Amino acid sequence: MTNSTGAMIAVVEDDAGLRTAIEQLLRSAGFRAVTFESAEDFLASDGRGDVACLIADINLPGISGVELVSRLGTNGDRLPAVLITGRRDAATAALANQVADVPRLYKPFSDDALFDVISRVMKR
């Protein structure tokens, strides 16, 4: 996938290696990318208005990715979002189902799977 618009994608992931890998992948496809270690860091950032899509880990320490997406929606910010997780347990599924309309990817995911879901949520 190549992105000719240079859309900004925010990645909220507590695993530094994965956060960097996703950032590099997005940049290689022509996206602008900004990363955050936590939902709190994202919420405190100045550039949120420039973000076209959010990728957030479901199980972040502190505010979860699900809670982040819910808070944004409550505040009227219907930012297209994708949730990612490496957990396939009942508790994570129940948490993610709180925002059932937000697609999720299970780690490890392919580049193509990530680009496909980004494309779908940004067209909504």
Side-chain angles (χ1 to χ4, degrees):
M1 172 182 199
T2 301
N3 175 43
S4 61
T5 65
M8 174 74 75
I9 298 182
V11 179
V12 183
E13 168 62 59
D14 59 320
D15 179 305
L18 181 57
R19 188 173 60 243
T20 299
I22 293 172
E23 176 185 23
Q24 291 172 347
L25 177 63
L26 293 170
R27 289 182 189 277
S28 73
F31 290 98
R32 293 179 297 140
V34 60
T35 64
F36 302 91
E37 185 174 355
S38 69
E40 292 85 351
D41 290 346
F42 174 77
L43 291 169
S45 70
D46 292 335
R48 284 190 5 224
D50 297 334
V51 174
C53 181
L54 170 67
I55 299 170
D57 191 333
I58 290 175
N59 295 298
L60 294 166
I63 298 173
S64 73
V66 170
E67 186 177 345
L68 174 60
V69 169
S70 294
R71 282 188 187 192
L72 293 171
T74 300
N75 293 336
D77 189 356
R78 301 304 265 172
L79 183 63
V82 176
L83 293 171
I84 59 176
T85 186
R87 299 182 186 175
R88 294 181 180 259
D89 55 48
T92 300
L95 182 62
N97 286 338
Q98 293 175 19
V99 287
D101 60 330
V102 177
R104 65 192 85 138
L105 286 176
Y106 292 94
K107 303 171 194 174
F109 45 82
S110 70
D111 300 355
D112 289 340
L114 180 63
F115 290 137
D116 178 60
V117 74
I118 290 169
S119 176
R120 283 187 288 130
V121 299
M122 289 181 64
K123 288 180 183 176
R124 289 184 182 172

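All of these numbers come straight from a predicted model, not from anything done at the bench.
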(request) Drop me the distance from I9's CD1 to M122's CE, to the nearest 0.5 angstrom. (result) 5.5 Å
(request) Please report the shortest heavy-atom distance between F115 and A29, naming the atom on each side. (result) CZ-CB, 3.6 Å
(message) Checking N59 against L95 for the side chain to side chain contact (heavy atoms under 4.5 Å, CB included) test, could you report, in this order, the C-alpha distance in whole Å, the side-chain angles of both residues, the deciding distance, and whether it holds?
(response) CA-CA 9 Å; N59 295 298; L95 182 62; 4.1 Å; yes
(request) Name all pairs fulfilling the ring pair (Phe, Tyr, Trp, His ring centres under 6.0 Å) condition that reach into residues 52-72, sequence neighbours left out, sorted by first residue then second. (result) none
(message) Can you list everything that forms a side-chain contact (heavy atoms from CB on, under 4.5 Å) with D41? Sequence neighbours excluded, please.
(response) F36, E37, S38
(request) Look up atom OG in S119 and atom CG in D112, then write down how far apart they are to the nearest 0.5 Å. (result) 11.5 Å
(request) Determine yes or no for a side-chain-to-main-chain donor-acceptor pair under 3.5 angstrom, with T20 supplying the side chain and A16 the backbone. (result) yes
(request) Mind checking the CG-NZ spacing from L114 to K107? Nearest 0.5 Å is all I need. (result) 12.0 Å
(request) For residues F109 and I22, determine if any side-chain heavy atom of one lies less than 4.5 Å from a side-chain heavy atom of the other. (result) yes
(message) List the residues meeting side chain to side chain donor-acceptor pair (under 3.5 Å) with R104, not counting sequence neighbours, and say none if there are none.
(response) N97
(request) Sequence neighbours left out, what pairs pass salt bridge (charged side-chain N to carboxylate O under 4.0 Å, His left out) with at least one residue falling in residues 86-102? (result) none
(message) If I compare all heavy atoms of G73 with all of R78, which pair ends up nearest, and what's the gap?
(response) CA-NH1, 3.5 Å
(message) Listing request: all ring pair (Phe, Tyr, Trp, His ring centres under 6.0 Å) pairs with a residue in residues 60-101, at least two apart in sequence or in separate chains.
(response) none
(message) Less than 4.5 Å apart, side chain to side chain, heavy atoms only: is that true for V11 and L18?
(response) no
(message) Less than 4.5 Å apart, side chain to side chain, heavy atoms only: is that true for F42 and L72?
(response) yes
(request) List for me each residue that meets side-chain contact (heavy atoms from CB on, under 4.5 Å) alongside P80, sequence neighbours excluded, and say none if there are none. (result) V121
(message) Quick check: closest heavy atoms across I58 and A96, and the distance to 0.1 Å?
(response) CD1-CB, 3.8 Å
(message) Restricting to side-chain contact (heavy atoms from CB on, under 4.5 Å), what partner residues turn up for T74, sequence neighbours left out?
(response) none
(message) Show me the pairs that pass ring pair (Phe, Tyr, Trp, His ring centres under 6.0 Å) and involve residues 59-89, at least two apart or across chains.
(response) none
(request) Could I get the full list of side chain to side chain donor-acceptor pair (under 3.5 Å) partners for D15, not counting sequence neighbours? (result) none
Counting only pairs under 3.5 Å, give me each side-chain donor-acceptor contact of residues 61-69, with atom names and distances, residues two or more places apart or in other chains.
residue: S64; atom: OG; partner: V66; partner atom: N; Å: 3.4
residue: S64; atom: OG; partner: E67; partner atom: N; Å: 3.0
residue: E67; atom: OE2; partner: R71; partner atom: NE; Å: 3.2
residue: E67; atom: OE2; partner: R71; partner atom: NH2; Å: 2.9

(request) Check whether any side-chain heavy atom of I118 lies under 4.5 Å from a side-chain heavy atom of L26, and answer yes or no. (result) yes
(message) Minimum heavy-atom separation for R27 and A33, please, with both atom names.
(response) NH2-O, 2.6 Å
(request) Working to the nearest 0.5 Å, report the span between OG1 of T35 and CD1 of I55. (result) 11.5 Å
(message) One thing to verify: whether D57 and R19 come together as a salt bridge, which I'm taking to mean a side-chain N less than 4.0 angstrom from a carboxylate O.
(response) no
